[in-house]
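To start, the structure itself, in structure tokens.
Both counts, for ligands and for their atoms, begin at 1 and track the order of listing. As the structure is a prediction and not an experimental result, all values here were calculated from the model.
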Amino acid sequence: MIPISRPLLGEEEVEEVKRVLLSGYLAHGPEVEAFEEEFSRFLGGRVCAAAVSSGTAALYLAYVATGLQRGKRLLTTPFTFMATASPAVQLGAEVLFADIDPETFCLSTEAVKEVLEREEIDLLVPVDLYGQATYLDDFEALSRKYGFRIVEDACQAHGALWKMRPAGTFGDVGVFSFYPTKNMTTGEGGMVVSSDEELLEEVRTLRNQGQRGRYEYAALGYNFRMTSIAAAIGRVQLKKLTTFNEMRRRRAEIYRELLDDVDGIVLPKEVKGAHHVYHQFTVRVKGGLRERLIEHLKQHGVGYGVYYPRLLYDYQPLKRFAPPGDLPEARRASLEVLSLPVHPGVSEHDVRKIAEIIKSFIRERG
Ligand SMILES: *Cc1c(COP(=O)(O)O)cnc(C)c1O
């Protein structure tokens with residue numbers, strides 16, 4: 001079975017974890033600070049970084065630090081992972097949804113503009129879905145015009161670029177996840193990045209029980225700290241990230257060559273100005289054939305993913321935020337998308353094999 005994702009860890013990570021285990025610093029310590037420093041440098045040094053225990057914790061703290069609370073309103077895409085929205089609801093905020101751009105699967109600038117003409121919002125959360133960051137400068141311009149803040153959910157876009165600017169550095173705050181399926185991992189982990197020193201200081205305080213100094217509780221905080229063990233893994237993974245991403249791009253290119261003119265399969269678009277890092281290689285399967293193609297892939301031992309089969313407001317905890325009249329592009333995407341293995345752990349040979357398996361399915365059907 002070719003898995004849809006698999007973390008790629010080697011001897012180097014093992015050695016570094018061993019070093020940290022023997023150092024005596026297991027929780028927050030110099031290792032975490034070194035990881036933060038290196039991650040900030042990876043993003044070009046324009047933002048500082050605060051490591052936390054998960055991408056979800058990073059989103060939660062980013063929302064608190066940008067003032068989200070009861071009575072405030074967040075606008076985002078319904079075609080994303082639950083953690084983009086759940087912290088906002090837990091904070092008592094109202095969630096609004098705008099439709100996606102069918103080309104990028106990310107929030108549509110036009111749809112956001114339409115919402116802004118009739119609604120006031122406090123926070124916009126664009127998601128760099130599948131590893132592609134697009135049109136984020138347009139959202140920044142809108143935020144200046146309408147006076148809302150932006151948290152960029154870059155949990156799937158480590159190393160992606162939009163107009164030469166790294167994903168995660170747009171808006172007020174950027175958020176990353178290091179879950180094992182992401183482009184780089186720390187086991188569990190996350191990062192909050194921002195050029196706003198004060199805001200990042202608040203994130204650091206909140207992740208550590210609200211402490212400014214030892215036993216100086218400035219706020220009621222949380223324990224959202226990253227462990228030194230996780231940071232040690234992250235430092236090695238960060239060094240490999242660019243190579244990993246190039247491998248993902250190479251695999252995407254092979255799919256493109258082999259599936260380019262296959263009827264009923266629409267390939268993902270890399271928008272001009274974007275450097276896509278293919279967290280997922282996600283095609284559209286037209287003609288209502290997705291479930292049958294999935295059966296065919298299963299029979300041939302090919303792993304796949306459907307990200308995401310339903311929209312966030314389809315789920316009971318978010319039903320009350322459903323927009324009147326549904327969002328047609330997001331709905332269509334949820335019914336058509338299919339992600340194929342594109343991670344560095346799948347060989348180029350296997351990618352070719354998967355492409356052939358898809359071609360043979362289309363041939364048999366026709
Ligand atoms: C993975 C992910 C998260 C959550 O990250 P965790 O580390 O799993 O908590 C949030 N948003 C998006 C878009 C993600 O892909």
>> Please report whether ligand 1 has a polar contact with Gln156, defined as an N or O pair separated by less than 3.5 Å (distance criterion only).
In response: yes

> What do the steps show when you test Arg165 against Glu152 for salt bridge (charged side-chain N to carboxylate O under 4.0 Å, His left out), and what is the final call?
Replying inline: CA-CA 13 Å; Arg165 241 173 97 188; Glu152 181 188 355; over 6 Å; no

> Name the one of Arg331, Arg290, Lys286 that satisfies side-chain hydrogen bond (donor to acceptor under 3.5 Å, both in side chains) with Glu336?
Replying inline: Lys286

> Can you say whether the rings of Tyr146 and Phe148 are parallel (under 30°), tilted (30 to 60°) or perpendicular (over 60°)?
Replying inline: parallel

> Within 45° of the six-membered ring axis of Tyr315 and under 6.0 Å from that ring's centre, is NZ or CZ of Arg310 located there?
Replying inline: yes

>> What protein heavy atom lies closest to atom 14 (C) of ligand 1? Include the residue and the distance to one decimal.
In response: Lys182 NZ, 3.0 Å

>> I need the nearest protein heavy-atom contact for atom 3 (C) of ligand 1: residue, atom name and distance, please.
In response: Phe81 CD2, 3.5 Å

>> Please tell me whether Val173 and Phe170 are part of a single hydrophobic cluster in this structure, the criterion being side-chain heavy atoms less than 4.5 Å apart.
In response: no

>> Please classify the Thr181 to ligand 1 contact at 4.0 Å (heavy-atom distances, strictly less than): side chain, backbone, both or neither.
In response: neither

>> Please list, in number order, the atoms of ligand 1 under 4.0 Å from a heavy atom of Thr84.
In response: 11 (N)

> At a 4.0 Å threshold, what atoms of ligand 1 neighbour a non-hydrogen atom of Thr80?
Replying inline: 13 (C)

> Does any N/O atom on Tyr179 come nearer than 3.5 Å to any N/O atom on ligand 1?
Replying inline: no

> Where does the angle between the aromatic ring planes of His296 and Phe361 fall among parallel (under 30°), tilted (30 to 60°) and perpendicular (over 60°)?
Replying inline: tilted

> If we only count N/O pairs under 3.5 Å, is Glu188 in contact with ligand 1?
Replying inline: no

> Taking Glu270 as the fixed residue, which of His276, Arg249, Gln132 is the one that meets the side-chain hydrogen bond (donor to acceptor under 3.5 Å, both in side chains) rule?
Replying inline: Arg249

> So which bit of Thr56 gets within less than 4.0 Å of ligand 1, heavy atoms only: side chain, backbone, both or neither?
Replying inline: both

>> Show the atoms of ligand 1 that are less than 4.0 angstrom away from any heavy atom in Gly55.
In response: 5 (O), 6 (P), 7 (O), 9 (O)

> Do ligand 1 and Cys155 have nitrogen or oxygen atoms that lie under 3.5 Å from each other?
Replying inline: no

>> Distance under 4.0 Å to a non-hydrogen atom of Val127: what atoms of ligand 1 satisfy this?
In response: 13 (C)

>> Geometry only, no angles: is Asp153 polar-contacting ligand 1 at N/O separations under 3.5 Å?
In response: yes

> Going by the order shown, which atoms of ligand 1 are within less than 4.0 Å of some heavy atom of Leu59?
Replying inline: 10 (C)

>> In this structure, would Leu335 and Val283 fall into the same cluster of hydrophobic residues linked by side-chain contacts under 4.5 Å?
In response: no

>> Applying salt bridge (charged side-chain N to carboxylate O under 4.0 Å, His left out) to Arg332 and Glu329, what does each step give before you reach the verdict?
In response: CA-CA 5 Å; Arg332 195 156 63 87; Glu329 290 300 345; 2.8 Å; yes

